[in-house]
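Have a look at the structure below, then the notes.
All chains are named by letter (A, B, ...) in the order of the sequence lines, taking the proteins before the strands, and each is independently numbered beginning at 1.
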Amino acid sequence: MEIPSKYSPAEVEGKWYQYWMEHKLFHSEPDQREPYTIVIPPPNVTGVLHMGHMLNNTIQDILVRRARMQGKNALWVPGTDHASIATEAKVVGKLAAEGIKKSDLTREEFLRHAWAWTDEHGGIILQQLRRLGASCDWDRTAFTMDEKRSESVIKVFCDLYDKGLIYRGVRMVNWDPKALTALSDEEVIYKEEHSHLFYLKYYLADQADVHPTGAEGEVVHRDDKGYYAVVATTRPETIMGDTAMCINPADPKNRWLSGHRVIVPLVGREIPVIEDDYVDIEFGTGCLKVTPAHDVNDYMLGEKYHLPSIDIFNDNGTLSEAAGLYVGMDRFEVRKQITRDLKEAGLLEKMEDYTNKVGYSERTNVVIEPKLSMQWFLKMEHLAKIALEPVENGTLKFYPAKYINTYRHWLENIKDWCISRQLWWGHQIPAWYLPEGGYVVAENIEQAVEKANRKRKEKACPCGCDAMPPLQAKDLRRDEDALDTWFSSWLWPISLFDGINNPGNEQIKYYYPTSDLVTGPDIIFFWVARMIMAGEEYMHDVPFRNVYFTGIVRDKLGRKMSKSLGNSPDPLALIDTYGADGVRMGMMLSAPAGNDILFDDALCEQGRNFNNKIWNAFRLIKGWEVDEKAAQGEAARVAVAWFGELLKKTVAEVDDLFSKYRLSEALMAVYKLFWDEFSAWYLEMVKPAYQQPIDPVTLHATLDYFEQLCLLLHPFMPFITEELWQNIQQREPGASIMTQRQPKVEAYDNDLIEKVEKLKGVVAGIRTIRLDKNIPNKTPLRLQVTGTETQDFPQVIAKMANVEAIENVPAKAADAASFLVGTTEYSVPLGNMIDKEEECRKMEAELQHLEGFRAGILKKLGNENFVSRAPAAVIEGERKKLSDTESKIRAINETLAAYRK
RNA sequence: GCGACGGUAGCUCAGCUGGUUUAGAGCGCUUGCUUGACAGGCAAGAGGUCACUGGUUCGAAUCCAGUCCGCCGCACCA
C-alpha cells in the first residue's frame, strides 16, 4: 500500500500553499460577481503571531474561503499597523542597548533607525500567517504608514480641522511618564490596588481667629501647636502642588474652617479654604486637598475658583523645581520619603489601608499621571452620533449582539479624543507654526506657506503698509507631534482601497462596504467604533456589514495567556506538531463567538486525529478494486440513498449555522457527519467483503460523497481537503478545491433518515447482545421481531450485525435476549447461552422505569385542569405515550411470565 | 456603585419565543476488542433533582421576582 496509514501534514501543507500562490487563487479584482470582503485587523508590524491571532485569522480564513466557494468574489486584505508607542518603545530600547539615546538623535536620524527596524522585523507576522493557511491577497499587503495610507491620514486630519472638528488646546490629559507622551482615555487601564489613605494635618494659619461654634456635628482638631484640619489623601507626594483646601458648605463637621487659611504640611505655604458641594461629606474627613495640576477633578475646581496651578512633576515622573522639595526624585520614592518626613514632623495624623483604582498605561504599564498640556483633540459629538445610528437600526450587526449595549454606552458618554502623541514614529501632525505665533493646518509645506501668507494678509495693518515680508518654507516650524496610531487604523477599510485620496475609484466602489470584520471585543472602542465613525463620515456608509467578536484566548485554567506566566504556546510549534489543519480545528472546536476560549493542546490533538480519520477513510476507498460488471447490492443501494439525504440535511444545517456565525457548531456538524455517519455507518454498509471488488455505482457515489465532504470541510481544513480532492480523480492543471462550489441547500427525505436511525438502533441492540454474551462477530445470529411489523432494509441489518435471518414471531421465545427500539421488540434466540436470571433482572429494572414513566403520564392525564386546558395535540401526545408505554410493559411482562414458567 | 452577560454531565458548551417518549453534543472516563482504512482506531456503557428560593401556568432548564456566585464593560470619594 503506497499511502501511509498516518497523515503527515508537513509534507502536504507547504506544497499546496505554494500552489495556491502560484495560481493566484487568493487574488481578487473587481468583476461582475458579488464581492465578499474582509480587511484584516492589522497586527503590529514588528509583532509575532500569538494565539489570539491564530483564532482571529482562522475565523477570517474560514469565512473568506467559504464565501469564495459560494461563488462570491472573495477578498481578504492583509496588512500591518505601525503601532506608534509599541514600536517606538522597541526602537528606543534597541538603541539604548547600543548605547544610543533617543534624545541625542534628530527626528530624521531616529526615523531612519525605526524604518530599519521595521524593515527587518516587519512582516514576520504575515509570513507566519501563511503557515496557518490564510488566503489573503498578498499583492495588496498594506501598512498604515505606507504612502497611500499616510496621505489618507493627512488628508483626513486637514479635512476634520477645516470642518472645525479638530482643535488644539491645553487640557488635562493622561500622561505616560515612561513613553513620555499623552494618551487617549481608552489607553488607560484601571487596576485595583492596595494602598494607603494618609491623614495629614493642615494647621490653620490664623490660630488666634479660630472660633469653633460648638454646633452639633462639628469636629474640631487641636493639639499643642494649635487648631488643624485633617485631609485624607492617597497621594501625599502631591502636597507641594496644593493650592487650596476644599470643604462642603453643607458639612457641619467642618463649618468652623470656613473663611480660614491653612498651611500645607512640610511645604509651609498658606492656602485658602474654599467651599464646593463637589466634596463628599462622608469620605475621609470631608476635607479635600486641591492640586489643580495633578488631578482631573482638582483641575475643575481650580478653574472654577481661579486657583493657581503648580506643576510639580517633570515629564518623566520625577519632581520638578516647582515642587521645591524632593526635586529630581521619582514620584514613588517621594511618596515613601514624604511619609517618613511627615511622620517625623508630627504632621501625619494616621494611615489607613485603602483599596482604590489606579490608571496604568496600556502600552508601558506605568502609572498614568494626569497632566495639563497642550494637545490636539478631535471633537466626538458629531462622530458619535453618526456611528451609533447604523448599529441601532441594524444596518451593521454585532455578533454577539450583547456588545451593542457596550457600544451605545461608550458613544453616549464619549469625551473628545486626544489624538496627538509626543512621539516621532507615526504620522506627523500637519500643522505649521508661524514665527509670530499662530499656526496653519495644511496637507504639505507648500500649502502651509500659502495659507500662512494668506493668514498674515488678513491680519495685516489696515493702512496697507506691508510690514511683514512673505513667508517661506524655512520660516515655518512643523508641529513635532505624531498622531495616535488609531487615527490611521480607523481609516483602514477605506484607505486600503484608496477611498480617501481617490474617492469613487473602482476598487472602493466595488469592495466597500466590506462584509465581515473579525476582531476581539477589547478593541471595540479603539478601533471598531472609530472605523464606523470614519466610514459614515467619509463614505456615508458602514465600513462592514457584520462584526464577529471573538473571545479572548485563555489557557485551560482560564488564565489569560501571557509571556510572564509562560502559558502561551508557540503557534508555529503547534502547527509543527499537529498540522495547520489540526490547530485550526483545535481553535474552532472551542470558540463560540464572544465567549472566552479555554485553549488546550488536547483540542489540536482532536483536530489532528480527525485529519487522520479523513485520511484513512480515503485510503479505504482508494484501496477498493472496482468490477465494472458487478451489480449494486441491496445494502449498498440503501446506504447510498440514505447518505445522500443525510448529506443534504447537514448542508442545510451548516448553512443555517454559518448565517448565525456559529462556526464551531457548523464544524461539529460536519465532523459528526464525517466520523459517525460516513465512516462508522455508511462506509461499513457499502464496504465490500474481504478481497471482493466493489460495484461501479456504489464506488462513484462514495467518491462523490467524499468529495462533497471535502468541500464542506475545506474552509475549516484547507490543506488536507486540497490534498485529497486532488487525488479523488485526475484534475486539470491549476484546478483547486478552493474554486469549487459548496454543496447546494436542497430539500431532503427525512423519512428515510429516520428509518435508518431506527435500523441503527437494531444493529446497536444486536451488538450489545454480542458484547454481553461474548458472541464473536463471526458467529451469525437470527433476529426475531415480535408482532407483524415488517423490518425495513433487512439486508443492511444482516450485513452490519451479521444476521443470517430475520423473522416475525407472535411472541418472544423463552431462550432469546431482547431489546426495544421505539415500541418494537426485537429478540435474538440464544439457546442455552441465555442467562435467565440475568435477563429477568434486566427486564425488571426496565419494567420499573417504564412504570414510573407511566405513572407520570397517568398523573398528568388524571389532572382535570390539564385535560381541559392543554391543547388537544399535547393531550393526544400524552395518550400516545401512555399506550406506547403500556404496550412495552405488556411485552416485558409476557416475556417475564414465559421465563418464570 | 451603574450596566451587560452567564451559572445545564468530570471539562467545554448547545437547548431557553414553555409541552414530541421524565435533558443533548464533543472531549474525558469505564468495559470489551491485535476485526484486513484508521489504537491518532472499533464497539458498548456509566454519568445531570438544569446555582438557590419563591411566583405565574394544566405544565418551567425554558417566563417573572429575589438571593448567592462568576466574568466583563463603565464610572468612581481625594
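Among the protein residues, A:Lys622 comes within range of no part of the nucleic acid, since none of its heavy atoms lies under 4.0 Å from any strand. As judged by a 4.0 angstrom heavy-atom cut-off over every strand, A:Tyr354 is placed among residues touching the sugar-phosphate backbone only. Backbone-only contact: A:Trp675 has heavy atoms under 4.0 Å from sugar-phosphate atoms and none from a base. Residue contacts shown for A:Val290 are absent, as no nucleic acid heavy atom lies under 4.0 Å away.
Rounded to an integer number of Å, the gap from A:Phe866 CZ to B:A60 P is 12 Å. Atom CG of A:Asn777 is separated from atom P of B:U34 by 11 Å (rounded to the nearest Å). One can place CZ of A:Arg879 at 15 Å from C1' of B:G19, the figure rounded to the nearest angstrom. Rounding to whole angstrom units, CD1 of residue A:Ile857 and C1' of B:G19 are separated by 13 Å. Note: NE2 (A:His409) to C1' (B:C74) measures 5 Å, nearest angstrom. Computed from coordinates, the A:Asn865 CG to B:A60 P distance equals 13 Å when rounded to whole Å. In this entry the distance linking CE of A:Met300 with C1' of B:A78 reads 13 Å, nearest Å.
In this structure, of B:A37, B:C74, B:G26, it is B:C74 that holds the atom nearest to the side chain of A:Phe525. Residue A:Arg662 has its side chain nearest to B:A14 when only B:A14, B:U22, B:A39 are considered. The side chain of A:Asn616 lies closest to B:A37, out of B:G32, B:A37, B:A78. Comparing atom distances between the A:Lys357 side chain and each of B:A37, B:C76, B:A4 picks out B:C76 as nearest. Distances were taken from every side-chain heavy atom of A:Arg619 (C-beta onward) to each of B:A37, B:A44, B:G19; the shortest belongs to B:A37. Taking every side-chain heavy atom of A:Asp884 into account, B:U21 is the closest of B:C38, B:U21, B:A78. In this structure, of B:A37, B:G40, B:U22, it is B:U22 that holds the atom nearest to the side chain of A:Phe853. The side chain of A:Ala870 has B:G19 as its nearest neighbour among B:G19, B:A78, B:A37. With distances taken from any side-chain atom of A:Ser679 to the nucleotides B:U21, B:A78, B:A37, the minimum falls on B:A37.
Between A:Arg767 and B:U31 there is no side-chain N or O to OP1 or OP2 distance below 4.0 Å. Listed pair A:Tyr278 / B:C76 fails the phosphate criterion, with no side-chain N or O lying under 4.0 Å from OP1 or OP2.
Ionic pairing of A:Arg854 and A:Glu886 is present here: one or more N-O contacts between side-chain nitrogen and carboxylate oxygen are shorter than 4.0 angstrom.
Using the six-membered ring where Trp is involved, A:Phe398 and A:Tyr407 have ring planes that are perpendicular, over 60° apart on the 30 and 60° scheme. The aromatic rings of A:Phe674 and A:Phe678 sit tilted relative to each other, their planes meeting at an angle between 30° and 60°.
Contacts with RNA chain B (heavy atom under 4.0 Å) in residues 599-615 of chain A: A:Gln606, A:Arg608, A:Asn609, A:Asn612, A:Lys613, listed by number.
Within the 6.0 Å centre-distance limit, the rings of A:Phe549 and A:Tyr403 are counted as a close aromatic pair. For an aromatic pair to be called close, the ring centres must be under 6.0 Å apart, and A:Tyr682 with A:Phe643 satisfies this.
No hydrogens or angles were tested; on distance alone, a donor-acceptor pair under 3.5 Å links the side chain of A:Glu684 to the base of B:A37.
Although no hydrogens or angles enter the test, the distance criterion places a donor-acceptor pair under 3.5 Å between the side chain of A:Arg770 and the main chain of A:Thr779. A distance-only check finds a donor-acceptor pair linking the side chain of A:Ser883 to the backbone of A:Lys880 [under 3.5 Å].
Geometrically, A:Lys191 engages A:Tyr360 in a cation-pi contact, judged by NZ or CZ lying under 6.0 Å from the ring centre and within 45° of the ring axis.
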Collect all protein-nucleotide pairs involving nucleotides 6-13 of chain B in which both atoms are nitrogen or oxygen and the distance is under 3.5 Å.
none

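Where A:Ala764 and A:Asp676 meet RNA chain B, the nucleotide closest to each residue was compared, and A:Asp676 sits on the side nearer the 5' end. Nearest-nucleotide mapping onto RNA chain B: of A:Arg854 and A:Asn863, the residue sitting toward the 5' end is A:Arg854.
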For RNA chain B, what is the dot-bracket line, given that a base pair needs Watson-Crick (N1 to N3, plus N6-O4 or O6-N4) or G-U wobble (N1-O2 and O6-N3) geometry with both distances under 3.5 Å, and | means paired with another strand? (((.((((.[[[[.)...(....]]]].(((((.......))))).....[[[[[..)....]]]]]))).)))....
